[in-house]
Enquirer: 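Before anything else, here's the structure in question.
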There are 2 protein chains.
Amino acid sequence: MSDQKGSYQQGPDPKGADIPRLQPSATVSLLDPSKDPRPAQGAGANLLFLREEEIRLAQDLLFFAYRDFTNAADVILEELELGRAHHRALHFIGRNPGITVSDLLTILRITKQSLARVLTVLMEQGYVGQAQGRSDRRQRLLSLTPAGQALERRLFERQRERLLAAYREAGGAAVDGFRRVMRGIMDEQARAYLDQSDPNEPKAKRA
Amino acid sequence: MSDQKGSYQQGPDPKGADIPRLQPSATVSLLDPSKDPRPAQGAGANLLFLREEEIRLAQDLLFFAYRDFTNAADVILEELELGRAHHRALHFIGRNPGITVSDLLTILRITKQSLARVLTVLMEQGYVGQAQGRSDRRQRLLSLTPAGQALERRLFERQRERLLAAYREAGGAAVDGFRRVMRGIMDEQARAYLDQSDPNEPKAKRA
DNA sequence: AAAGTAAGTCAACAAAGCTGACGTAATGCG
DNA sequence: CGCATTACGTCAGCTTTGTTGACTTACTTT
């Protein structure tokens, strides 16, 4: 532990080289509880503390959670010389077998040319297969080959571990809250996609 | 507890506009409930459905929520010819005034060279200022100028709207769950950073 | 005085977006 | 039928943001 980062010297440093422990002065000034503008309202039972700091914390949460979650699969991707873009395509094709190219584009919100780059590789390597649309033969219906399913599963397992641990730690009620908030953050379009994609949630089953 | 988000009607086809409505057959086959491997465990009232589908849903949630959340600030960034990387730097400098370059690097997990690129612009445009470290004069302590604070606030407001709406919709309990799960997803290092950064939260961890 | 550390910088390269311009089937409609 | 439209593919070039590697310049530490 020869290298003390910065000029802080306080207590037992848990891990020499990881966490930037910022100057307490700086940090504290930012979060000074004495200037907590929280109004002392006594309305409903579960009132929200919609202070600025709460929102800023959420920004942090999204950044770190997303970063580390996506990162979980990188080890595998690297050894196969694939990138995250490939993983994303694999994921959504796996979740929507028989999806058309244009539908996939709409989900990913990237251009045809960007998708082509990853799709070409995935097909060349035998992870994704095409089939001509039955009703519209211009369409190319995408799906995972057995190899693609296997790869997707390997990638999935890595992320699953993380999620599982987080879910266990947080508890079932928290998981429900997590889902609700995440849904609320995304666009209406994405919410609609999820509703339609998961026949469990929308209790409207059809034939 | 289940949030009945209303059902979508199958009426006119979703052409062009937004959501790719996938072939029901394809979707359903993926989510066949008949092969639900959910174990009949009895660990308390709120047992978790740790089925595969739940985890895969979370993958979707993270993708869409992160995408749309970060996207919220893009309009402003674009007119200033800045990118998301600039926003990230601005955010973390704003949240940690007086942060050193190396601490910022640790938080962002990028290289010095990558950071230099955005930091140079931010300083040239007068959004970020430097100060020599007092105890260690090699350090450059970064902080937002008034202009930087103003810009950061503009960006913040856009994201805030989204979060606020999501928080209101989901309710206070859900927000707490959201935070817990998000914390659980990220690395220990990131959790430690958050704990140390926010003197409110850090309490006895994990029961 | 020597070694190590914080920060800056040049140069080259990679991943994954983007726009623009076309080409080719297949579909749909007047 | 014939022509416009649509779904998909592809070439070419550019942008953003990340990476290595190789130094340099100040300080600090030993």
Side-chain angles (χ1 to χ4, degrees), chain A residues 1-9 16-17 20 63 67 70-71 73-74 77-78 80-90 98-124 128 130-142, chain B residues 13-17 20 63 67 70-71 73-74 77-78 80-90 93 98-124 128-142:
Chain A
M1 207 108 317
S2 46
D3 95 304
Q4 270 280 79
K5 262 191 198 268
S7 61
Y8 59 91
Q9 52 278 27
F63 174 72
R67 183 194 68 179
T70 54
N71 183 248
D74 283 352
L77 292 171
E78 213 167 314
L80 293 172
E81 312 223 78
L82 297 176
R84 289 180 181 180
H86 301 96
H87 185 188
R88 255 167 270 146
L90 224 36
I99 189 175
T100 65
V101 170
S102 69
D103 280 354
L104 185 52
L105 288 175
T106 305
I107 292 175
L108 293 172
R109 284 217 201 142
I110 59 177
T111 59
K112 190 173 45 165
Q113 295 91 325
S114 290
L115 179 59
R117 190 156 37 200
V118 300
L119 220 42
T120 301
V121 172
L122 292 176
M123 294 195 295
E124 277 173 3
V128 168
Q130 276 183 334
Q132 204 167 44
R134 55 293 84 114
S135 57
D136 184 338
R137 292 184 314 180
R138 289 171 304 178
Q139 298 179 327
R140 297 298 135 90
L141 309 183
L142 305 169
Chain B
D13 75 353
K15 206 134 356 178
F63 173 73
R67 184 195 66 179
T70 54
N71 182 247
D74 283 351
L77 292 171
E78 213 166 312
L80 293 171
E81 312 223 77
L82 298 174
R84 290 182 181 179
H86 302 95
H87 186 189
R88 256 167 268 146
L90 223 37
I93 294 171
I99 190 175
T100 66
V101 170
S102 69
D103 280 355
L104 185 54
L105 288 175
T106 305
I107 291 175
L108 293 172
R109 287 221 198 136
I110 58 177
T111 59
K112 189 172 46 164
Q113 296 90 325
S114 290
L115 179 59
R117 192 155 34 200
V118 299
L119 221 43
T120 300
V121 173
L122 291 176
M123 294 195 294
E124 279 173 1
V128 168
Q130 277 185 333
Q132 203 166 45
R134 62 282 87 114
S135 56
D136 185 338
R137 292 185 313 181
R138 289 171 305 180
Q139 299 179 327
R140 297 298 136 91
L141 310 182
L142 305 169

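Atom set for the values below is all heavy atoms of this structure, side chains included, hydrogens, waters and symmetry mates excluded. Chain letters run A, B, ... following the sequence lines, proteins first and then strands; every chain starts at 1.
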Enquirer: In whole Å, I'd like the distance from the CZ atom of Arg67(A) to the P atom of dG18(D).
Expert: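 To the nearest whole Å, that distance equals 12 Å.
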Enquirer: In this structure, how many angstroms lie between the C1' atom of dG18(D) and the CG atom of Leu77(A), rounded?
Expert: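 Atom CG in Leu77(A) sits about 16 Å away from atom C1' in dG18(D).
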Enquirer: Take atom CZ of Arg134(A) and atom C1' of dA7(D), then tell me their distance rounded to the nearest Å.
Expert: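 Rounding to the nearest Å, CZ of Arg134(A) and C1' of dA7(D) are 13 Å apart.
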Enquirer: Would you say a side-chain N or O of Thr111(B) is under 4.0 Å from OP1 or OP2 of dT20(D)?
Expert: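 Thr111(B) to dT20(D) OP1/OP2: no side-chain N or O under 4.0 Å.
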Enquirer: May I ask you to verify if any side-chain N or O of Ser102(B) is less than 4.0 angstrom from the OP1 or OP2 atom of dT5(C)?
Expert: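 No, Ser102(B) has no side-chain N/O under 4.0 Å of OP1/OP2 on dT5(C).
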Enquirer: Please check the phosphate of dA14(C) (OP1 and OP2 only) for any side-chain N or O of Arg84(A) closer than 4.0 Å.
Expert: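 Arg84(A) to dA14(C) OP1/OP2: no side-chain N or O under 4.0 Å.
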Enquirer: Evaluate the side-chain proximity of Gln132(A) to Gln139(A): yes if any heavy-atom separation is below 4.5 Å, no if none is.
Expert: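 The answer is no, as the side chains (C-beta and beyond) never meet within the 4.5 Å cut-off.
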Enquirer: Any base atoms under 4.0 Å from Glu81(A), or only sugar-phosphate, or nothing? Heavy atoms, all strands.
Expert: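 Nothing, no nucleic acid heavy atom in range.
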Enquirer: Would you please confirm or rule out a distance under 4.0 Å between OP1 or OP2 of dC18(C) and any side-chain N or O of Ser114(A)?
Expert: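 Checking dC18(C) against Ser114(A), a side-chain N or O does come within under 4.0 Å of OP1 or OP2.
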Enquirer: Return the set of residues passing salt bridge (Lys or Arg N to Asp or Glu O under 4.0 Å) with Arg137(B) (not counting sequence neighbours), or none when no residue passes.
Expert: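 Arg137(B) satisfies salt bridge (Lys or Arg N to Asp or Glu O under 4.0 Å) with no other residue.
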Enquirer: Are Leu119(B) and Leu142(B) packed together at the side-chain level, in the sense that at least one heavy-atom pair is separated by less than 4.5 angstrom?
Expert: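 They are in side-chain contact.
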Enquirer: Of Ala116(A) and Asp136(A), whose nearest nucleotide on DNA chain D comes first from the 5' end?
Expert: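 Its nearest nucleotide being more 5', the pick is Asp136(A).
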Enquirer: Using heavy-atom distances to pick each residue's nearest nucleotide on DNA chain C, tell me which of Ala85(A) and Gln130(B) is more 5'.
Expert: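 The residue whose closest nucleotide sits nearer the 5' end is Gln130(B).
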Enquirer: Can you check the Leu115(A) CG to dA7(D) P distance for me, whole Å?
Expert: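 The answer, rounded to whole Å, is 15 Å.
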Enquirer: Can you tell me the distance, in whole Å, between the CD atom of Glu78(A) and the P atom of dA14(C)?
Expert: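 For the pair Glu78(A) CD and dA14(C) P, the rounded distance is 15 Å.
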Enquirer: Between Asp74(A) and Thr70(A), what is the shortest heavy-atom contact and its length?
Expert: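 Here Asp74(A) and Thr70(A) meet closest at OD1-O, 3.5 Å.
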Enquirer: Hey, does the side chain of Arg137(B) come within less than 4.0 Å of dT28(D)'s phosphate (OP1/OP2), counting only N and O?
Expert: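 Yes, such a contact exists.
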Enquirer: Arg84(A) and Asn71(A): which non-hydrogen atoms are nearest, and at how many Å?
Expert: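 What the structure gives for the nearest pair is NH2-CA, 3.7 Å.
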Enquirer: Report yes if at least one side-chain N or O of His86(B) is closer than 4.0 Å to OP1 or OP2 of dT16(D); otherwise report no.
Expert: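 Result: no.
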Enquirer: Within less than 4.0 Å of OP1 or OP2 of dA16(C), is there a side-chain N or O belonging to Gln113(A)?
Expert: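 Checking dA16(C) against Gln113(A), no side-chain N or O comes under 4.0 Å of OP1 or OP2.
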Enquirer: With a 4.0 Å cutoff (strictly under), does any side-chain N or O of Arg140(B) reach OP1 or OP2 of dT25(D)?
Expert: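 No.
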Enquirer: Give a yes or no on this: more than 12 heavy atoms of other residues, nucleotides or ligands lie within 6.0 Å of atom CD of Glu78(B).
Expert: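 Atom CD in Glu78(B) is not packed in, count stays at 12 or less.
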Enquirer: Specify the closest pair of heavy atoms between His86(A) and Leu122(A), including all atoms of both residues, with the distance to one decimal.
Expert: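 What the structure gives for the nearest pair is O-CD1, 3.9 Å.
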Enquirer: Expressed as a whole number of angstroms, how long is the span from Leu105(A):CG to dA16(C):C1'?
Expert: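 Going from Leu105(A) (CG) to dA16(C) (C1'), I get 14 Å.
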Enquirer: Whole angstroms only, please: what is the CZ-P distance between Arg117(B) and dG18(D)?
Expert: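 To the nearest whole Å, that distance equals 8 Å.
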Enquirer: Are any of the side-chain heavy atoms of Leu141(B) and Ile99(B) separated by less than 4.5 Å?
Expert: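 No, their side chains stay 4.5 Å or more apart.
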Enquirer: Please state how far atom CG in Leu90(A) lies from atom P in dA16(C), giving the value in whole angstrom units.
Expert: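 Computing the Leu90(A):CG to dA16(C):P distance gives 13 Å.
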Enquirer: Where each residue is assigned the nucleotide of DNA chain C containing its nearest heavy atom, which of Arg88(A) and Lys112(B) is assigned the position nearer the 5′ end?
Expert: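 Mapping each residue to its closest nucleotide by heavy atoms, the 5'-most match is Lys112(B).
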Enquirer: I'd like to know if Arg138(A) reaches the base of dT6(D) with its side chain, counting only an N/O donor and acceptor under 3.5 Å.
Expert: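 Side chain to base: pair found, below 3.5 Å.
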Enquirer: So how far off straight is the helix from dA1(C)-dT30(D) to dG30(C)-dC1(D), going by the axes through five pairs at either end, to 10°?
Expert: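 Angle reported: 20°, given to the nearest ten degrees.
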